[in-house]
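Values below: all heavy atoms of this structure, side chains included; hydrogens, waters and symmetry mates excluded. Chain identifiers are assigned alphabetically (A, B, ...) following the order of the sequence lines, protein sequences preceding nucleic acid strands; residue numbering begins at 1 within each chain.
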Number of protein chains: 2
Amino acid sequence: MEGIGRYSAAVYRLGQSIFNSKLKDLDISSGQYDFFLVIAKNEGINQKELGEWLYVEKSTTAKAVRQLETKGYICKKQVKKDKRYSSLYLTEKGREAASVVESVFNEMLDVYSKDIPENVIEDNISVLKKVINNLQEEKSRYTMSDRLTEDC
Amino acid sequence: MEGIGRYSAAVYRLGQSIFNSKLKDLDISSGQYDFFLVIAKNEGINQKELGEWLYVEKSTTAKAVRQLETKGYICKKQVKKDKRYSSLYLTEKGREAASVVESVFNEMLDVYSKDIPENVIEDNISVLKKVINNLQEEKSRYTMSDRLTEDC
DNA sequence: AAATATTAGTTGACAATGAAACTAATATTT
DNA sequence: AAATATTAGTTTCATTGTCAACTAATATTT
């Protein structure tokens, strides 16, 4: 058998590259657009949830969020009940940009799935989700290894 | 519909992360192991072929190859008939490391595909290949755009 | 044969990302 | 209530990767 890893990697990198080409005019690049879109569709979301949704580390989320904030697309509001959290919202500028980014995103969906039946894509996604679960389990096994090796 | 891109990205990054944990002792890291393995299984291969196989840019290949060379795992031999090419071979040290890296790679294959039937994985890979083709076509459309916009 | 294209590989600048150590806030234990 | 642990987010550093401009070698055109 031969690696799902290699092909996923290719899909990821090619996708990033094309996104950057398509978004060249806008000042939102491949490292930010998905954070941006998730915030746009889930205003009020916090960074923890955002990172979990995109399967990235919290440091990555922090950086993407800061960039989007610096560029004026989003703003952060500290949550009063628990000041550790902050909720993320679009600014006016963000709301204007959202439709452009969304349409590029939709273009990309068509590129990915060109000549592939929708149900095949869906099956594919559910397999990838299962693979991700497997990987997350394995990763947490490593991350937790301090504790585990102490106890067992 | 919702994005194959996001899931492929997650598979890619989680995979890299776990590889790094597993290879912590060895001084071959996630950015090099697949180049190393492809060379190990195809001694004499050149950088162009290597990069095509892994779907990466030639500059990425160049850097990974140099790292592996610096660390003493592989060596380059310029091709006499066409001096632009060089063929890549394992050193003694490389040959020793290969079996270790291979076994980690095989462990990873099991992680990816845990509780997923082999034929499902295979179907999945063939869909991903199709997606990659789609992306490559789109990417070349952008890369070629200088010429295209001039002519048309 | 000289001029021009293309090709394999290199290099430098830069973006994206994870790991680890950190801070501040809240929860849990004692 | 004080001590301890956990949690959300930040910061710093190292690694991975692309892009674009470059060199040297070969192929193609004129």
Inset, instruction - Would you please confirm or rule out a distance under 4.0 Å between OP1 or OP2 of C:dA15 and any side-chain N or O of A:Q16? - result: no
Inset, instruction - Map A:R84 and B:L14 onto DNA chain C by nearest heavy atom, then report which one ends up closer to the 5' terminus. - result: B:L14
Inset, instruction - Compare side-chain N and O positions of B:R13 against OP1 and OP2 of C:dG18 and report whether any pair is under 4.0 Å apart. - result: yes
Inset, instruction - Write down the distance between CD (B:E57) and C1' (D:dT16), rounded to a whole number of angstrom. - result: 13 Å
Inset, instruction - Mark yes or no for a side-chain to base donor-acceptor pair under 3.5 Å between A:K76 and D:dG9, with no hydrogen or angle criteria applied. - result: no
Inset, instruction - For the pair B:E92 and B:R95, find out whether any cationic side-chain nitrogen is under 4.0 Å from an anionic carboxylate oxygen. - result: yes
Inset, instruction - Assign A:V56 to base, sugar-phosphate, or nothing according to its heavy-atom contacts below 4.0 angstrom with the strands shown. - result: sugar-phosphate
Inset, instruction - Would you indicate whether the side-chain heavy atoms of A:D123 and B:V127 approach each other to under 4.5 Å? - result: no
Inset, instruction - To the nearest Å, give me how far apart NZ (A:K58) and C1' (C:dA21) are. - result: 10 Å
Inset, instruction - Give B:S30 one of three labels, base, sugar-phosphate or nothing, depending on what nucleic acid heavy atoms sit under 4.0 Å from its own. - result: sugar-phosphate
Legend entry - Interatomic distance where NZ belongs to A:K81 and C1' belongs to D:dA8 [whole Å]: 18 Å
Inset, instruction - Could you tell me the separation between the CG atom of A:L88 and the C1' atom of D:dT10, rounded to a whole number of Å? - result: 14 Å
Legend entry - Qualifying residue for salt bridge (Lys or Arg N to Asp or Glu O under 4.0 Å) with A:E57, from A:K48, A:K63, A:K139: A:K139
Legend entry - Length of the line joining A:N20:CG and C:dA13:C1', which is rounded to integer Å: 15 Å
Legend entry - Phosphate contact (C:dT17 OP1 or OP2) by B:S17 side-chain N/O below 4.0 Å: no
Legend entry - Length of the line joining A:Q67:CD and C:dA16:C1', which is rounded to integer Å: 9 Å
Inset, instruction - State whether B:Y12 places a side-chain N or O below 4.0 Å from either non-bridging phosphate oxygen (OP1 or OP2) of D:dT16. - result: no
Inset, instruction - Considering just the side-chain nitrogens and oxygens of B:Q78, establish if one lies under 4.0 Å of OP1 or OP2 belonging to D:dA25. - result: no
Inset, instruction - Name the pairing partner of C:dC14, where a pair is Watson-Crick or G-U wobble with both distances under 3.5 Å, or state none. - result: D:dG17
Inset, instruction - Find the partner of D:dA1: check Watson-Crick (N1-N3 plus N6-O4 or O6-N4) and G-U wobble (N1-O2, O6-N3) distances, both under 3.5 Å, and reply none if neither fits. - result: C:dT30
Inset, instruction - Take atom CG of A:N46 and atom P of D:dT7, then tell me their distance rounded to the nearest Å. - result: 14 Å
Inset, instruction - Can you check whether any acceptor in the base of D:dT7 is under 3.5 Å from a donor in the side chain of A:K83, or vice versa? - result: no
Legend entry - OP1 or OP2 of C:dT26 under 4.0 Å from side-chain N/O of A:Y85: no
Inset, instruction - Could you say whether B:S59 or A:T60 is positioned toward the 5' end of DNA chain C, judged by the nucleotide with the nearest heavy atom to each? - result: B:S59
Inset, instruction - Find the distance B:F19:CZ to C:dG18:P and express it as a whole number of Å. - result: 17 Å
Legend entry - Pairing partner of D:dT6 (Watson-Crick or G-U wobble, both distances under 3.5 Å): C:dA25
Legend entry - Side-chain N or O of A:K24 closer than 4.0 Å to phosphate OP1/OP2 of D:dC19: no
Inset, instruction - Quick one: label B:S86 by what it contacts on the DNA or RNA (base, sugar-phosphate, nothing), any heavy atom closer than 4.0 Å. - result: sugar-phosphate
Legend entry - Test: A:E138 and A:R141 ion pair at under 4.0 Å: yes
Inset, instruction - Report the glycosidic orientation of D:dA8: syn if within 90° of 0, anti in every other case. - result: anti
Inset, instruction - Compute whether any side-chain donor of one residue and acceptor of the other, for A:D27 and A:Y73, lie under 3.5 angstrom apart. - result: yes
Inset, instruction - Establish, from distance only, whether the side-chain atoms of B:N20 and B:S29 form a donor-acceptor pair under 3.5 Å. - result: no
Legend entry - B:V131 and its side-chain contact (heavy atoms from CB on, under 4.5 Å) partner, picked from A:V111, A:I116, A:N124: A:I116
Inset, instruction - Could you check A:K63 against A:I18 and say which one's nearest nucleotide on DNA chain D is further toward the 5' end? - result: A:K63
Inset, instruction - Find which nucleotide of DNA chain D each of B:A64 and B:D82 is nearest to by heavy atoms, and output the residue with the more 5' nucleotide. - result: B:A64
